[in-house]
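Data first, discussion second: the structure below is written as structure tokens.
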Amino acid sequence: MAEENVRIEESLKVKIGEAKNLPSTSLSGTGKSTYCVIRLDHEEIYRTSTVEKSLNPFYGEEFTGEIPKKFRYLSVQLYEASQNKSKVIGKTTLRRQELYKYHGKEHWFPLVPVDANNEVQGKVHLEIKFDEYLNGESENYTSQGLSVRILECSDLPVTNGGCNPYAMVTLTYSKSRNKADIRRTTVKKKTTCPQFNEYFQFVLGSKGQNSDRQTYYIEDEFNIDLGVSIWHDDTRMSREVFGKIFPGSFLGEVKMPLKDLTSGTVHNAWYCLRRRESWKPHQYDLGSLRLKISYTSDHVFPPEYYDDLRELLLQSPDIEPITSSAAYILSEVVDHRQDAAQPLMKIFLHHNRLVPFIRSLAKYEIDRTADPHTLFRGNTLVTKLIDELMKLTGLPYLQETIKATIDQICIEHKSCEIDPTRLKEGESLEENMDSLKCYVQRIFQGIISSSLLCPTNMCEVFYALKDIAHQYFKDSSEVRYQAVSGFVFLRFFAPAILGPKLFDLRNDTQDSIVNRTLTLISKAIQGLGNLVSSKTLSYGLKEDYMVPLFQYLSQPSHIEAVRMYLDIISSAARARTQNVSGEAPIIIKEGTLIKRAQGRKRILKVKNFKRRHFCLTNQKLSYSKNRGDNPLYEIPIEDILAVETLQEESFKMKY
């Protein structure tokens, strides 16, 4: 197979757990407010939330993504948060070639100071060759010369908001001669990939007429090292004071002994810039950082190479027992079930086989579950598949339901702390509780009013779960809610509220006040999912301060609204199955409206107005003369393509 047909996909997962033994503030001795930044070379790719004033902060955040370009270093930097300008405390850096040593396991990494001499990235393109020419003083002697050509650089870092690079070429002779020859290129303004294309000639030594010109060696006279360093021309630093040159900001260097180069040959190559040889890390105790790193590089073949494997996987829903299917076995042999769940979900979804596969897995799991209250609570293949489906298809749904309220929480920045032990001076517990109830109510209304917006793929899965659970636990009336609420509330809405950045609801990171508010709301939404699926209102809370909030949420109106929401998103109509006729319709809203006649009679064609009873269910919209009468007309939900608001003044009539 041709190499150009193979595609390489690189992915990176970094879980930032916690830090310990960080340096304290000099005045009070307390901890600092900190956050972490993940960088590939010098490019920031992720930033955690800020943890307030702790010597041992816990972050518990994870970055996962594909890497679109090559990189040399992965670094995690720890910053002290400040209103003016954040200050870096320390960092830990790993070369890409050594990431495999830490793959998939947690490690503690020491934090080291950030030193400009160690912050190196980029490459330089050099052409080096030896020249021999006649010495001008005598025709019997020749001189050995060295030609160094600086062609270009790439991927240089930005320093102090800019990059104005130039190169310095240095020939360093042996210590006995104590001599160095330095040349310098012109400065290239505002570029991280400068094109120099400049030549430099150096005279190395002379030979007599009887010498063998083909066997001239540098070490015959002295040892010489060639060095090429790249600098950023900062006008604030690049200057000459009392004859001493201050060249600016160091970007990296390349050093090589000329004795390693073959005479008479042109050496043309790219060289990675390195830090100074004299650089030594400072021996400071800045604490350590716990990380879990997973870096994979996959070689992907053309699609036709996977045809047999794909067909074998797609047969899995029909295999009995399901544990002997190819897809299930694949999920068992990988290190982490998550690694198999995501690609399997995409394959089965693309080929319209996801629901049958989930149905088969759910039957297997329910058959081994004695207590319906523990249904689908583990991290099994079926729960992972549904989690991945909700992440893939549910993000626009989250935008419609809860994003507006989350934005409002971040903008208003109100304290909603209801734990008496965590109240700050001047805060009112009653006011905080009122603010929290207000936010929870808005989130609640956004969710329960969105049943018809829930993605069809999710509804199909919820219907399958409810249907199977009801078959196995026919005596439990709550099982139809337990099968669905555990996913939609505990695994979908609650995590999205707790970490809006992970679900594309926010681009920025939140401070401690907003994070605390979102945490309390997330707990409330989780509790709401538990309340609707239990016979008794048992809160089971570890925090006593949450009891008043749950008493507010456990009102019959709230519980009935959530149950109706769950009934609709798991109904046969929303799932578009063939069993709609056998399922009782769920009434969403009904009441009296004024309907204008269409004037279909041939003689009069009068368009008069009549009072009619309208009823909207999850299956159809219908109207009749009176409540309880047979419908005069019905419109299936799937046939309603658009809805417009009619202004009351249009016909000078109300309703």
Side-chain angles (χ1 to χ4, degrees), residues 12-65 71-121 157-160 249-252 273-295 509 511-512 515:
L12 177 68
K13 180 187 295 185
V14 180
K15 182 177 181 180
I16 303 177
E18 59 184 319
K20 65 179 181 180
N21 301 328
L22 298 182
S24 60
T25 57
S26 57
L27 297 178
S28 62
T30 59
K32 301 176 180 179
S33 299
T34 58
Y35 63 89
C36 294
V37 171
I38 302 176
R39 296 182 186 274
L40 294 181
D41 294 331
H42 281 250
E43 181 179 356
E44 178 180 330
I45 60 173
Y46 185 77
R47 178 175 297 199
T48 69
S49 302
T50 300
V51 177
E52 297 290 334
K53 297 181 179 180
S54 174
L55 296 175
N56 303 288
F58 178 80
Y59 302 102
E61 296 191 29
E62 183 178 288
F63 164 81
T64 302
F71 66 96
R72 293 176 63 190
Y73 297 101
L74 165 68
S75 63
V76 181
Q77 296 181 335
L78 190 140
Y79 284 82
E80 178 184 359
S82 174
Q83 293 181 351
N84 298 324
K85 186 178 181 180
S86 297
K87 177 183 177 182
V88 61
I89 297 175
K91 69 162 190 173
T92 182
T93 302
L94 297 172
R95 296 170 58 243
R96 182 169 63 91
Q97 291 85 346
E98 61 183 3
L99 290 179
Y100 74 93
K101 300 178 183 178
Y102 311 99
H103 180 77
K105 297 181 180 179
E106 291 187 337
H107 290 82
W108 283 97
F109 296 91
L111 292 170
V112 298
V114 175
D115 190 332
N117 293 325
N118 189 34
E119 299 297 300
V120 174
Q121 74 173 61
V158 175
T159 304
N160 297 327
S249 301
F250 177 78
L251 301 181
L273 296 174
R274 300 184 179 276
R275 62 193 181 197
R276 284 178 173 148
E277 291 182 350
S278 59
W279 180 85
K280 293 182 180 179
H282 299 287
Q283 300 300 320
Y284 298 140
D285 186 9
L286 299 176
S288 54
L289 194 61
R290 180 167 60 87
L291 304 175
K292 184 179 180 180
I293 301 171
S294 298
Y295 173 68
T509 55
D511 61 16
S512 59
N515 273 332

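Residue Ser75 holds its OG atom at 8.0 Å from CG of Leu40, rounded to the nearest 0.5 Å. Between Leu78 atom CG and Ile16 atom CD1 the span is 9.0 Å, to the nearest 0.5 Å. Between Leu291 atom CG and Lys15 atom NZ the span is 11.5 Å, to the nearest 0.5 Å. Here the CG atom belonging to Leu111 is positioned 6.5 Å from the OG atom belonging to Ser288, to the nearest 0.5 angstrom. In this structure, Leu55 CG and Lys20 NZ are separated by 13.5 Å, a value rounded to the nearest 0.5 Å. Distance check: Leu22 CG to Leu286 CG gives 8.5 Å after rounding to the nearest 0.5 Å.
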Could you check Ser49 against Glu61 for side-chain contact (heavy atoms from CB on, under 4.5 Å), going step by step and ending with a plain yes or no?
CA-CA 8 Å; Ser49 302; Glu61 296 191 29; 3.1 Å; yes
Trace of the side-chain contact (heavy atoms from CB on, under 4.5 Å) decision for Val112 with Thr93
CA-CA 9 Å; Val112 298; Thr93 302; 5.9 Å; no
Hey, mind stepping through Glu62 and Val14 against side-chain contact (heavy atoms from CB on, under 4.5 Å) and telling me if it holds?
CA-CA 6 Å; Glu62 183 178 288; Val14 180; over 6 Å; no
Determine, stepwise, if the pair Phe109 / Leu94 fulfils side-chain contact (heavy atoms from CB on, under 4.5 Å).
CA-CA 10 Å; Phe109 296 91; Leu94 297 172; 3.9 Å; yes
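Considering only heavy atoms from C-beta on, Ile38 comes within 4.5 Å of Ile45 through its side chain. In this structure, the side chains of Pro157 and Leu251 come closer than 4.5 Å at one or more pairs of heavy atoms.
Looking at residues two or more places apart in sequence or on another chain, you find a salt bridge (charged side-chain N to carboxylate O under 4.0 Å, His left out) between Glu43 and Lys69. Applying the side-chain hydrogen bond (donor to acceptor under 3.5 Å, both in side chains) rule to Tyr59 yields the partners Thr34; only residues at least two apart in sequence or on another chain are considered. Applying the salt bridge (charged side-chain N to carboxylate O under 4.0 Å, His left out) rule to Arg96 yields the partners Glu10; only residues at least two apart in sequence or on another chain are considered. When the salt bridge (charged side-chain N to carboxylate O under 4.0 Å, His left out) test is applied to Glu18, the partners found at least two apart in sequence or on another chain are Arg290. Residues meeting the salt bridge (charged side-chain N to carboxylate O under 4.0 Å, His left out) test with Arg72, sequence neighbours left out: none.
Not a single donor-acceptor pair under 3.5 Å links the side chain of Ser33 to the backbone N or O of Ala81. Side-chain N or O atoms of Asn56 include one that pairs as donor or acceptor with a backbone N or O of Asn21 at under 3.5 Å. For Gln77 (side chain) and Arg39 (main-chain N/O), no donor-acceptor pair under 3.5 Å exists by modelled atom type.
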Check: residues 98-105 side-chain donor-acceptor pairs under 3.5 Å, at least two apart:
| from | atom 1 | to | atom 2 | distance (Å) |
| --- | --- | --- | --- | --- |
| Glu98 | OE2 | Arg95 | N | 3.0 |
| His103 | ND1 | Tyr295 | N | 3.3 |

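Summarising the geometry of Tyr79 relative to Ser86, their closest heavy-atom pair is CD2-CB, 4.1 Å, with the distance given to 0.1 Å. Taking each heavy atom of Glu44 and Val37 in turn, the nearest pair found is CG-CG1, 3.4 Å.
For the side chain to side chain contact (heavy atoms under 4.5 Å, CB included) criterion with Tyr35, the lone passing option out of Asp511, Thr48, Val51 is Thr48.
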